[in-house]
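Worth saying up front: this structure is predicted, and the values here are computed from it rather than measured. Throughout, protein chains are lettered first and strands after them, A, B, ... in sequence-line order, and every chain is numbered starting at 1.
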Amino acid sequence: MSLFGTSSGFGAGGTGVFGNTTTDSHNPMKDVEVTSPPDDSISCLAFSPPTMPGNFLIGGSWANDVRCWEVQDNGQTVPKAQQMHTGPVLDVCWSDDGSKVFTASCDKTAKMWDLNSNQAMQIAQHEGPIRTIHWIKAPNYSCVMTGSWDKTLKFWDTRSPNPMMSLQMPERCYCADVVYPMAVVATAERGLIVYQLENQPSEFRRIDSPLKHQHRCVSIFKDKQNKPTGFALGSIEGRVAIHYINPPNPAKDNFTFKCHRSNGTNTTTPQDIYAVNAISFHPVHGTLATVGSDGRFSFWDKDARTKLKTSEQLDQPITACCFNHNGNIFAYSSSYDWSKGHEYYNPQKKNYIFLRNAAEELKPRNKK
Amino acid sequence: MTVCNFYLQGRCRYGDKCWNEHPRGGGAGAGAAGGSGFGNRVWVNPQSQRSGGNYVQPSSFSSHGGGNDWGRGGGAGGGASNNWSRGGGGSNDWGRGGGGGARDAKNFSFSNQNRFSTLNSQSSFDSRGSSVADDDNDKNLEMIQRDMEAWQSSGQWALSCYSVLKANISGFVELSPEELRMEYYTSRASGDLQSYANSVQQLANQWRSRVQELRTMSSSTRTTMISELNNPGSSGGGFSSPSSGFGSSSSSLSSSAPGFGSGGFGSSAPQNGASGFSFAPASPGFTMPNSESSSTGFGSTGSQPSSTGFGGFGSPAPSSTPTASSFSFASPVASKSSSGGFGSASGFSFTSSTAPAGGGFGSSAPAGGGFGSAAPAGGGSLFSSAGAGGFGGGPAAGAASGENLFTPQSELTPDELREFSAKRFTLGQIPLRPPPAELLTV
């Protein structure tokens with residue numbers, strides 16, 4: 001296994017918790033810092049599935065690399081391995097058995113990284129940067145789904161250089177999520193398409209977007225029977241829409257809520273509105289976490305329609321988040337998301353990944 | 001409480017039992033209470049009604065046809081829950097005697113503006129609009145204006161589409177932060193950050209002018225918007241959303257053009273000269289770079305000079321409508337110079353007033369090497385809310401029009417000086433120039 005080549009300035013091992021001496025705002029929540037974070041903005045995070053013992057965190061970054069850490073039960077993070085692309089990595093995902101990691105990059109390729117052998121091979125090719133990658137495990141097939149800015153959604157059997165299937169989308173893919181048998185893709189120009197994955201992937205429905213601005217992130221949630229039943233869609237305008245696929249009463253069940261805005265109650269000054277960069281659902285409680293360009297994360301209960309918690313403000317936007325398989329750990333990354341253009345980009349600024357104990361804070365509110 | 005319209009005409013048959021308010025002095029003349037809660041509506045003096053029957057619709061009231069109000073007034077049509085229908089039960093009002101003494105002349109003097117001018121809230125006004133469709137138009141236009149205001153002041157991502165109804169409003173370029181960042185990285189790799197900065201500036205200016213245009217809804221914008229809202233997809237002129245714009249153009253776009261170049265820039269195709277857009281129409285422009293180079297440079301891994309890529313995005317086909325596009329791009333097909341397409345800042349002439357003449361462009365162009373630095377580039381950045389050239393500068397730029405904010409005292413005429421020094425302006429003698437700084441008391 002190869003350790004990380006570049007020095008992160010942190011030293012290896014250790015908890016990475018800098019302790020209580022610094023009160024600067026890079027970690028106001030005093031969460032556990034992951035050691036050896038990437039050198040450029042982190043674009044995506046993914047925890048290992050339950051089929052694998054232990055917790056392993058994968059993070060892709062704009063420094064063209066994908067890193068793997070082992071998260072131990074005492075909170076210590078150990079850097080394990082790293083792979084490189086020739087372009088920034090935009091999305092990562094695990095296979096269902098936890099042996100492979102799939103990475104999607106702006107270099108228009110996707111790679112399959114076998115963790116046991118630490119080998120990565122290319123499994124997909126697009127005409128444009130690949131924005132999303134997801135593993136689909138169906139009873140009768142398994143494949144990798146890649147969504148790209150070339151407006152296509154392709155499905156790959158990892159053994160073949162040609163896609164099993166290629167679906168045309170109306171616009172560039174901006175975000176996607178898969179929970180078998182449902183897949184949701186949100187595209188540019190407020191496009192929203194739901195696919196059904198049984199037998200073979202096919203377009204199920206095109207939905208009129210409940211949001212007025214650019215789609216930024218999407219995440220599927222499940223009902224009490226653990227079946228995917230809807231999704232949460234975030235936009236650049238500090239708003240998240242909760243949308244059910246087949247609700248009994250669409251007007252009442254679907255709703256949007258505002259988040260990641262400044263000036264909560266003060267209506268005199270204009271609000272600052274920030275993009276919602278990622279949404280993650282707690283695997284056990286069904287509550288959701290949103291992270292935004294304002295550098296905060298928030299926990300919400302969509303059934304009680306309440307906010308559970310909002311964090312302090314970090315000094316950088318939070319670009320990605322995810323829960324581990326049992327919902328005990330919430331990981332979020334603090335790095336620049338380009339929300340203010342190139343003028344605010346500081347390549348020297350450190351990027352962070354924080355881990356937080358999520359078992360208690362995301363318990364749902366009891367509905368009145 | 002809402003004011004009773006019948007009472008105002010002197011015709012309320014419920015009298016004291018009326019649920020609505022009977023203002024004192026309201027019975028005296030229909031419309032003495034003429035305050036207009038609605039900016040556009042001008043109250044028309046009922047006296048002018050006697051002559052005809054058909055009153056002259058104020059011109060600012062563009063969303064209503066001339067006869068609509070009238071006809072509806074007679075039929076008491078679709079208003080949801082208003083005095084009119086409750087009082088009259090939907091029937092024609094003319095026949096009623098009314099409580100306060102029938103003043104038949106009033107029947108014809110009654111103008112619709114009168115009915116509404118006593119209402120305070122815009123929303124109830126809207127519900128009584130001449131027809132449901134016009135209501136919706138008004139509501140939607142209001143919403144667009146409010147959203148534009150919020151967008152301008154909130155600092156949210158500017159390169160986003162926008163919509164009020166199902167379809168997207170034209171004139172907005174949709175780019176995700178990742179796409180823009182990828183552009184930056186590609187440009188940085190090829191060493192030409194200047195063209196990246198220039199095109200970002202261009203996008204910013206285009207966005208600013210479009211938002212400003214929608215925010216201050218001129219009557220032409222209003223009509224365009226209404227037709228666009230009512231006819232999604234067949235929006236006027238070339239204001240097609242990027243996807244449809246590209247779908248309609250030749251297929252070479254989608255195949256060979258990596259996402260960024262084709263998806264973003266050419267979308268705003270101004271064929272309506274009144275708009276503030278300055279992008280050339282998409283379709284011809286984009287096929288050009290595609291045909292001449294193997295890649296547009298956007299998705300390429302830096303081997304292509306990024307200038308071609310960016311030049312491609314801005315390149316107007318020579319045959320495209322020249323009047324609308326006020327950019328004078330050097331044809332990027334011919335020139336490979338790094339800022340060929342964009343360097344001609346002097347050729348820009350934004351029709352919208354918000355962008356300072358050449359300042360927006362020139363000011364944000366430090367030497368190419370300076371671009372990687374951390375410090376935000378000078379005014380005119382896309383997101384700085386207090387940007388000198390940018391958002392906040394809009395009104396100032398408009399007002400000052402490139403000149404000083406204050407007139408030196410020596411330049412004032414004695415009349416102007418007298419006006420400025422006085423406690424109040426005298427009507428008819430208000431100076432046209434700004435006052436001198438010395439006379440201002442803060």
What part of [X] gets within 4.5 angstrom of chain B, counting heavy atoms only: side chain, backbone, both, or neither?
X        : result
A:Thr152 : neither
A:Ala275 : neither
A:Asp40  : side chain
A:Tyr174 : side chain

Query raised in the report: So how far is it from B:Asn140 CG to B:Asn230 CG, rounded to the nearest 0.5 Å?
Result: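 The distance works out to 8.5 Å.
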Report task. Go through A:Gln214, A:Arg131, A:Lys212 and name the one with the most non-hydrogen pairs under 4.5 angstrom from chain B. Result ->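 Answer, by heavy-atom pair count under 4.5 Å with chain B: A:Gln214.
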Report task. Could you have a look at A:Gly87, A:Gly191, A:Ser41 and say which one has the most heavy-atom pairs with chain B under 4.5 angstrom? Result -> A:Ser41
**Report entry** salt bridge (charged side-chain N to carboxylate O under 4.0 Å, His left out) against A:Arg239, all qualifying residues, sequence neighbours excluded
**Finding:**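 Salt bridge (charged side-chain N to carboxylate O under 4.0 Å, His left out) check on A:Arg239 returns A:Glu237.
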Query raised in the report: What residues, two or more places apart in sequence or in another chain, satisfy salt bridge (charged side-chain N to carboxylate O under 4.0 Å, His left out) together with A:Asp272?
Result: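 Scan of A:Asp272 (salt bridge (charged side-chain N to carboxylate O under 4.0 Å, His left out), adjacent residues dropped) gives none.
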Report summary line: In short, A:Arg190 meets B:Glu174 closest at the heavy-atom pair N-OE2, 4.0 Å
Query raised in the report: Checking B:Arg210 against B:Tyr162: charged group under 6.0 Å from the ring centre and within 45 degrees of the axis?
Result: no
